[in-house]
Amino acid sequence: MRKAGWQSKLFVVGVVLVPGWILLNPLWEQRVRQERQPASLHLSAPAVVAPTVTPAAELAQWVAKGRELGERPASLTGTQVDGALQVDTDGNLVIDLGVRRVFDYFLATIGEESLEEIRARLALYLQQHLPAAAAQQAWDVLTRYLDYKDALAELPGHDGSYDGMRDSLQRARELRDAMLGPTLADGFFREEDEYADVALQYIDYLRDPALTAQEKQQRVEALLSNLPDNARQEIQSTGRPLQIEQSVQTLREQGASSDDIWLYREQQFGSAAADRLAALDAQRAQWQQRYEYYRQQRAAIETSALDDSDKAAGIIRLRAEQFSDAEQKRVDVLDRITVDKSN
């Protein structure tokens with residue numbers, strides 16, 4: 001099950017730039033709702049799960065659960081664990097893409113196994129392939145990574161437009177950096193970021209009204225000249241959705257109705273896709289309206305004469321009044337990103 005590096009990079013490019021009805025990690029999201037050089041690890045310890053259980057004891061408990069499990073799920077039959085676990089000369093875990101690939105190899109079975117079973121298998125694998133201290137570090141990293149994936153699944157979706165997808169990618173990066181910190185974020189996502197940035201720059205050239213057609217072609221060729229053929233073709237294939245999105249934006253600026261937009265999208269993508277995009281348009285507009293109202297009311301509370309405890313209670317009541325329990329998770333993520341950007 002080992003994948004070439006470019007496969008994972010192209011997946012990210014696709015997630016960023018394909019039309020908006022394509023969903024990211026649907027099985028993971030469903031489960032969540034249901035239940036430079038590589039750097040060595042030097043992270044602060046996470047919160048202890050229970051006061052009477054040390055981190056080492058907690059990992060040992062998960063390892064014991066892992067030993068009780070049977071064979072790996074059917075989808076992993078005949079495959080080898082992707083990625084690699086390494087330690088530096090001091091015995092610390094090396095944080096790089098190989099660690100994330102190990103995690104994702106097991107996490108890919110979400111749906112076949114529960115998240116608890118997957119965590120147990122990973123605990124056993126870490127214990128079997130790393131020294132004790134590095135295994136504990138890897139376990140701590142896994143906890144942070146899973147927390148990030150949970151929060152990522154709660155981020156609001158985008159409307160399928162290029163600007164919407166770019167904003168969505170930016171929010172995901174801000175969330176990642178806030179939750180994982182620079183060491184983990186760089187080690188796990190640096191390569192994906194580099195190639196996603198190439199794809200975004202490609203789109204920016206195509207959209208730039210100040211460039212002539214010849215200038216766009218020259219810049220695009222220079223940008224993509226050092227990429228493998230499959231990567232270049234994948235990035236170039238994003239041009240058509242962009243051209244269609246630009247046409248949609250032009251139609252809106254010219255006063256086109258929602259029906260006009262639907263008909264145009266139906267001609268390009270088919271009626272089912274046009275329906276999904278129209279639904280996303282409506283959902284995003286409604287969400288933005290509600291969230292902006294919440295932000296205004298929250299700002300009024302924060303600048304009021306109330307003491308800190310009353311302000312906090314007021315914000316909690318405001319969230320409960322405006323959003324469902326599931327939506328409040330999204331609001332919490334967006335508020336966390338806003339606070340992190342303002343600091």
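The basis for the numbers below is simple: all heavy atoms, side chains too, and nothing from hydrogens, waters or symmetry mates. None of these values were measured; they are calculated from a predicted model.
Contact record, L223 with V198: CD2-O, 3.5 Å, taken as the closest heavy-atom pair. Across all non-hydrogen atoms, the minimal contact from A256 to I261 is CB-CD1, 4.1 Å. A pairwise comparison of heavy atoms in R121 and G70 identifies NH1-O, 3.1 Å as the closest pair. Across all their heavy atoms, E266 and A274 have their closest contact at N-CB, 3.7 Å. Between V63 and L124, the shortest heavy-atom contact is CG1-CD1, 4.0 Å. Across R290 and F323, no two heavy atoms sit closer than the pair NH2-CD2, 3.4 Å.
Heavy atoms from other residues, nucleotides or ligands lying under 6.0 Å from CD of E292 number more than 12. Around atom CG of N226, no more than 12 heavy atoms belonging to other residues, nucleotides or ligands sit under 6.0 Å away. Sparse packing is recorded around CD of Q289, with 12 or fewer heavy atoms of other residues, nucleotides or ligands lying under 6.0 Å away.
Looking at Q328 and D332, their side chains never bring a donor and an acceptor atom within 3.5 Å of each other.
In this structure, D204 does not pair ionically with R219, as no charged nitrogen and carboxylate oxygen lie closer than 4.0 Å. Electrostatic pairing of D193 and R190 does not count as a salt bridge here, judged by no charged N lying under 4.0 Å from a carboxylate O. The pair E191-R100 fails the salt-bridge criterion, with no side-chain N (NZ, NE, NH1 or NH2) lying under 4.0 Å from an Asp/Glu carboxylate O.
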Between D147 and R144, does a salt bridge (Lys or Arg N to Asp or Glu O under 4.0 Å) hold up when you go through it step by step? CA-CA 5 Å; D147 287 345; R144 293 189 179 199; over 6 Å; no
Side chain to side chain contact (heavy atoms under 4.5 Å, CB included) between R119 and L146: does it pass, once the steps are laid out? CA-CA 10 Å; R119 283 172 63 91; L146 291 176; 3.0 Å; yes
Please test E327 against W287 for side chain to side chain contact (heavy atoms under 4.5 Å, CB included), starting from the C-alpha separation and ending with a verdict. CA-CA 10 Å; E327 289 173 334; W287 171 265; 3.9 Å; yes
Residue pair R298, E302: steps toward the salt bridge (Lys or Arg N to Asp or Glu O under 4.0 Å) verdict: CA-CA 6 Å; R298 174 176 177 140; E302 290 175 335; 2.8 Å; yes
As a quick check of understanding, evaluate side chain to side chain contact (heavy atoms under 4.5 Å, CB included) for L334 and L175, giving each step before the final call. CA-CA 8 Å; L334 291 173; L175 173 68; over 6 Å; no
So F103 and K149, side chain to side chain contact (heavy atoms under 4.5 Å, CB included) or not? Walk me through it. CA-CA 12 Å; F103 293 165; K149 287 174 73 68; over 6 Å; no
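In this structure, the side chains of Q283 and L280 come closer than 4.5 Å at one or more pairs of heavy atoms. Between P131 and V87 there is a side-chain heavy-atom pair separated by less than 4.5 Å. Side-chain atoms of L200 and L169, non-hydrogen and from C-beta on, do get closer than 4.5 Å to each other. For the pair I110/I118, a side-chain contact is recorded, criterion being any heavy-atom separation below 4.5 Å from C-beta on.
Side-chain atoms of Q137 come within 3.5 Å of backbone atoms of L93 as a donor-acceptor pair (strictly under, hydrogens ignored). Panel note: side chain D90, backbone N92; no donor-acceptor pair is recorded below 3.5 Å. D260 places a side-chain N or O within donor-acceptor distance of the main-chain N or O of S257, the cut-off being under 3.5 Å. Proximity of a side-chain donor or acceptor of K311 to a complementary backbone N or O of I301 within less than 3.5 Å is not detected. Under a 3.5 Å cut-off, the side chain of E215 and the backbone N or O of T212 do form a donor-acceptor pair.
Relative ring orientation between F188 and Y145 is described as perpendicular, the plane-to-plane angle rising above 60° on a 0-90° scale split at 30° and 60°. Using cut-offs of 30° and 60° for the angle between ring planes, the W139 and W62 rings count as tilted.
Note that CD of E321 and CD1 of I316 are 12.0 Å apart. Values are rounded to the nearest 0.5 Å. In this structure, CD on Q322 lies 10.0 Å from OH on Y294, to the nearest 0.5 angstrom.
Chaining together hydrophobic side chains whose heavy atoms lie under 4.5 Å apart places W262 alongside L263.
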